[in-house]
Student: 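Just dropping this structure here.
Every chain is numbered from 1, with letters handed out A, B, ... down the list of sequences. Just so you know, these numbers come straight off a predicted model, no measurement behind them.
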Amino acid sequence: MKRAIFSGSLRPLFHARAIISGEIHDPFVAGNILESLLCADPSAHSQARVLLSSFTRRSAFMYNTVLHAYLCNDLPAYALPLFLEMLRHDSTPNKHTFPLLLKAFAHIRLLTSGSTLHSMILKHGLISDPFIHASLIHFYVSLGFFGAAHCAMDENPSPPVSAWTALLSGYAKSGDLIAARKLFDEMPEKNSVSWSAMISGCVQSQLPCEALSLFQEMLATKMAPSSSVIVSILIAMAELGALQEGKWVHALLERNQMFLSSNLKTSLIHMYIKCGDLWSAKQMFEKLRDESVDLWNAMIGGLGLHGRGREALQMFDEMIGEGIRPDDMTFVGLLSACSHSGMVDEGQKCFKSMRILYSIEPKVEHYSCMVDLLGKAGLVWEAVETIKMMPMEPDERIWGSLFGACRVYGEMGLGEAVGKKLVSMEPNEPGLYVLLANLYALAGRWQDAVGVRKMMKSRGVGLEPGCSLIEVDGVVHEFLVADRAHLWVGDIFDKLSEMARVLRAEGCVA
DNA sequence: CTAGGGTTAG
C-alpha cells in the first residue's frame, strides 16, 4: 500500500464530508476512504472491516484492500470468510483478488479452497496474468503438490519467470536440488530473483560450494547481484570459512555503493566471525552498528564463540544501555558465551534474568545451553536437575551434551543410560553408537563396546568420514578423517605436534 | 481510476 488520497488528520473530515454530500455511495470514494484508514494505521483491520460493512455498494477494490490488511497483520484465516461474503454480495473478484487469496490459503494450507480458486481463475480467463500464475504455482508448491503445480504450468503457454521461480524454489525447499537445478537450466529467462532462489536453495541444502560457483556464473552473465543473493552467498562463505571470498563480497558491496540493510550487515559480521576474523567483525560492527537486535545478537554470539565471554556480557550491557530489547536469540548467544568461557554463575544469572527482567520464556535452546554450561563445568547432577525442570521434552542435543559431560567427568552409570537413550532416539545416527562404544571403552568394558559396534553393523548404520575445511591465503583445503593426502602433510603434522607440545607445556590436558 | 507475484533473515 502506498499513500492514499486522504491522508493524515484530514481523513475523518473527508469521511464526514463524503457522508454529508452523499459521495460515500460512490464506491471509488468509499474505497479510497477505506484505503486511507489502513494507510494511516495498517493494524486497523477490524475497523476497516466495520467500515466495509457500512458501505451499501461494495467494490472488489474494497475487499482486496481489507484482504491485504489481513495478510499484513498475519491473519490469513480471516481471508476465506471475507471472500465468501464478497461472493454473496455484489462484488466479483478481479485479478488483484486472486494473488491475495492464494497467499492466504497457502499460509493456512486450504488445499480445496485453493483449487476452487484455480478453477475460478480458469473460468475468468485470468491464468495468463503473471501475478496470478506465479501465486498459483507458489500455492501448490508450498503445499507439496508438485503434480498440480506442473499442470498449472501447462495451462499457461508461456509462464512468467516468477512462476518458474516459484516452482524451482518449491523443489529447492523440499530438498530436491536436482529438480530445482533442472528447472533453473530449462527456464527461458532468469532474473535476479531466480538466481537468488537457486543460490539460497543450495545454501539451505548445505551445498555452499555449489552456491559459490552459481554466484560466479551469475556475475559472469553481468546480472547485478541483489542484496538477497549477497545475504545467501555470505552465509555460504561463512559455512566454508572462505575469508578472502567474503572480503571480496564486502568490497563489491562498497564498490557498488549498495545499501547495507541490517540483514546485510548481520550476514557480513556473521561471515567474518565464522571465518575467524573477529577483529574485522568487531571493526564492522563499531562502524555500522544500529538498532537491529539481529546485528547485536550476531556480535554477542560471535564473541562467545571465540571464547570471549566477558566481552559478550559487556556487549549485552551496552545493548541494554542503548535501549535495544533483547530477544530469545540474544540469550542463546549469551548463555553459549558463558558456556564456552566456563562462566557458570554469570550463565545462571543470565538464565534467571531472561524471564524476570525481559519476560522471555526460555525455550529448548536455552535449557540446552544451561545443561551444556553446567555439564562442561562438571556440575553433572545440576545439569540433570535442569533437565527435570524443563516444561518441554528435552531434545537430542540436550541428552547429547549431558552425555558428553558424563564421559568427561566419569559419570559412567548415568552416561550409559543417556547414551542408550540417545541411540534409541536416533537409531540411524552413526555418531551416537560411536560415542556409546567410546564410553564403554573408557570404562574398560570392551565386550560392551564391541557389542555396540556389532549392533551398528547389524542395523546397517554406516559411518561417513568426518571432514573439515580451512582457507589459507585464499585457497580452501579439505581434510577427511585420517586423511594423509594433502601435499604438505609432513609440515602439517610437524606443526600439530609442536602445538600439542606448547599446549602441554602450558598445562593443557587433552 | 486505486492494489496483487516469485527469493531472503546468518
Student: Side chain of Ile235(A), heavy atoms from C-beta onward: which of dT8(B), dA9(B), dA3(B) has the nearest atom to it?
Tutor: dA9(B)

Student: Between Ser91(A) (side chain only) and Arg58(A) (backbone N and O only), is there a donor and an acceptor less than 3.5 Å apart?
Tutor: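 Here the side-chain-to-backbone pair exists.
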
Student: Measure NZ/Lys95(A) against C1'/dG4(B) and give the value in whole Å, please.
Tutor: 9 Å

Student: Lys274(A) side chain N/O closer than 4.0 Å to the phosphate oxygens (OP1, OP2) of dG10(B)?
Tutor: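 Answer is no, no contact under 4.0 Å.
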
Student: Please state whether the phosphate of dT8(B), meaning OP1 or OP2, lies under 4.0 angstrom from any side-chain nitrogen or oxygen of Lys173(A).
Tutor: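 Affirmative; the distance criterion is met.
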
Student: Please tabulate, for the side chains in residues 163-170 of chain A, all donor-acceptor contacts under 3.5 angstrom to protein atoms that are two or more places apart in sequence or on a different chain.
Tutor:
unit_1	atom_1	unit_2	atom_2	d
Thr165(A)	OG1	Val161(A)	O	2.7
Thr165(A)	OG1	Ser194(A)	OG	3.3

Student: Does the side-chain ring of His96(A) sit on the six-membered ring of the dA3(B) base, less than 5.5 Å centre to centre and under 30° in tilt?
Tutor: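 Yes.
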
Student: Without decimals, in angstroms, what is the distance between Leu240(A) CG and dG10(B) C1'?
Tutor: 14 Å

Student: Taking only residues two or more places apart in sequence, or in another chain, which ones meet Lys182(A) in a side-chain contact (heavy atoms from CB on, under 4.5 Å)?
Tutor: Glu186(A)

Student: Phe28(A) on top of dT2(B)'s base, within under 5.5 Å and under 30°?
Tutor: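 Given the distance and angle limits, no, they do not stack.
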
Student: Can you tell me if Gln204(A) touches the phosphate of dA9(B), counting only side-chain N or O atoms and a distance under 4.0 Å to OP1 or OP2?
Tutor: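 Checking Gln204(A) against dA9(B): at least one side-chain N or O falls below 4.0 Å of OP1 or OP2.
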
Student: At 4.0 Å (heavy atoms only), tell me whether Ser267(A) reaches a base, stays on the sugar-phosphate, or touches nothing.
Tutor: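 The residue Ser267(A) makes base contact.
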
Student: Whole Å only: how far is the CG atom of Leu71(A) from the P atom of dA3(B)?
Tutor: 16 Å

Student: Should the pair Tyr358(A) and Phe331(A) be assigned to parallel (<30°), tilted (30 to 60°) or perpendicular (>60°) ring geometry?
Tutor: tilted

Student: Taking atom types as they are modelled, is there a donor-acceptor pair under 3.5 Å from the base of dG4(B) to the side chain of Asp129(A)?
Tutor: yes

Student: Which of these nucleotides, dG10(B), dG5(B), dG4(B), is closest to any side-chain atom of Ala134(A)?
Tutor: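 Among dG10(B), dG5(B), dG4(B), the one nearest the side chain of Ala134(A) is dG5(B).
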
Student: Measure from the side chain of Ala166(A), starting at C-beta and using heavy atoms only, and say which of dG5(B), dG6(B), dG4(B) lies closest.
Tutor: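 Given the options dG5(B), dG6(B), dG4(B), the side chain of Ala166(A) is closest to dG6(B).
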
Student: Between dG5(B), dG6(B), dT2(B), which one does the side chain of Glu35(A) approach most closely?
Tutor: dT2(B)

Student: I need the CD1-P distance between Ile199(A) and dG6(B), as an integer number of Å.
Tutor: 19 Å

Student: For Met392(A) and Pro362(A), which heavy atoms make the closest approach, and how far apart are they?
Tutor: CE-O, 3.7 Å

Student: Which nucleotide sits closest to the side chain of Pro99(A): dG10(B), dG6(B), dG4(B)?
Tutor: dG4(B)

Student: Which residue pairs pass the ring-ring contact (aromatic ring centres under 6.0 Å, His included) test with at least one member in residues 216-239 of chain A, sequence neighbours excluded?
Tutor: none

Student: Just to be sure I understand the rule, does Leu167(A) reach a base, reach only the sugar-phosphate, or reach nothing, if contact means heavy atoms closer than 4.0 Å?
Tutor: nothing

Student: Whole angstroms only, please: what is the NE2-P distance between His133(A) and dG4(B)?
Tutor: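 From His133(A) NE2 to dG4(B) P: 21 Å.
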
Student: Can Phe131(A) be said to stack with the base of dG5(B), given centres closer than 5.5 angstrom and planes under 30 degrees apart?
Tutor: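 A stacking contact does not exist, since Phe131(A) is not both close and nearly parallel to the base ring of dG5(B).
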
Student: In whole angstroms, how far is the P atom of dA3(B) from the CG atom of Leu67(A)?
Tutor: 16 Å

Student: So, OP1 or OP2 of dG6(B): does either fall under 4.0 Å of a side-chain N or O from Ser169(A)?
Tutor: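 For Ser169(A), the contact criterion (side-chain N or O under 4.0 Å from OP1 or OP2 of dG6(B)) is not met.
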
Student: Heavy atoms under 4.0 Å, any strand shown: does Asn191(A) hit a base, just sugar-phosphate, or nothing?
Tutor: base

Student: Without decimals, in angstroms, what is the distance between Leu102(A) CG and dG4(B) P?
Tutor: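 Interatomic distance, CG of Leu102(A) to P of dG4(B): 15 Å.
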
Student: Picking from dT7(B), dA3(B), dG5(B), which would you name as closest to the side chain of Lys103(A)?
Tutor: dG5(B)

Student: Could you check how far CD1 of Ile33(A) sits from P of dT2(B), rounded to whole Å?
Tutor: 18 Å

Student: Any sub-3.5 Å donor-acceptor pair from Lys95(A)'s side-chain atoms to Asp129(A)'s backbone N or O?
Tutor: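 Not at all, since once roles are kept as given, no pair shorter than 3.5 Å links the two residues.
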
Student: Which residues pass the side-chain contact (heavy atoms from CB on, under 4.5 Å) test with Val231(A), not counting sequence neighbours?
Tutor: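 side-chain contact (heavy atoms from CB on, under 4.5 Å) check on Val231(A) returns Ile235(A), Leu264(A), Ser267(A).
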
Student: What's Val161(A) touching, base or sugar-phosphate or nothing? Going by heavy atoms closer than 4.0 Å.
Tutor: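 Val161(A): base contact, heavy atoms under 4.0 Å.
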
Student: Which ones in residues 214-232 of chain A lie close to DNA chain B, meaning a heavy atom under 4.0 Å from one of its atoms?
Tutor: Ser228(A), Val231(A)

Student: For residues 140-155 of chain A, which side-chain N or O atoms pair as donor and acceptor with protein atoms under 3.5 Å away, sequence neighbours left out?
Tutor:
unit_1	atom_1	unit_2	atom_2	d
Tyr140(A)	OH	His118(A)	ND1	2.8
Ser142(A)	OG	His138(A)	O	3.0
Ser142(A)	OG	Phe139(A)	O	3.0
His150(A)	NE2	Tyr171(A)	OH	2.8
Glu155(A)	OE1	His118(A)	NE2	2.7
Glu155(A)	OE2	His118(A)	NE2	3.4

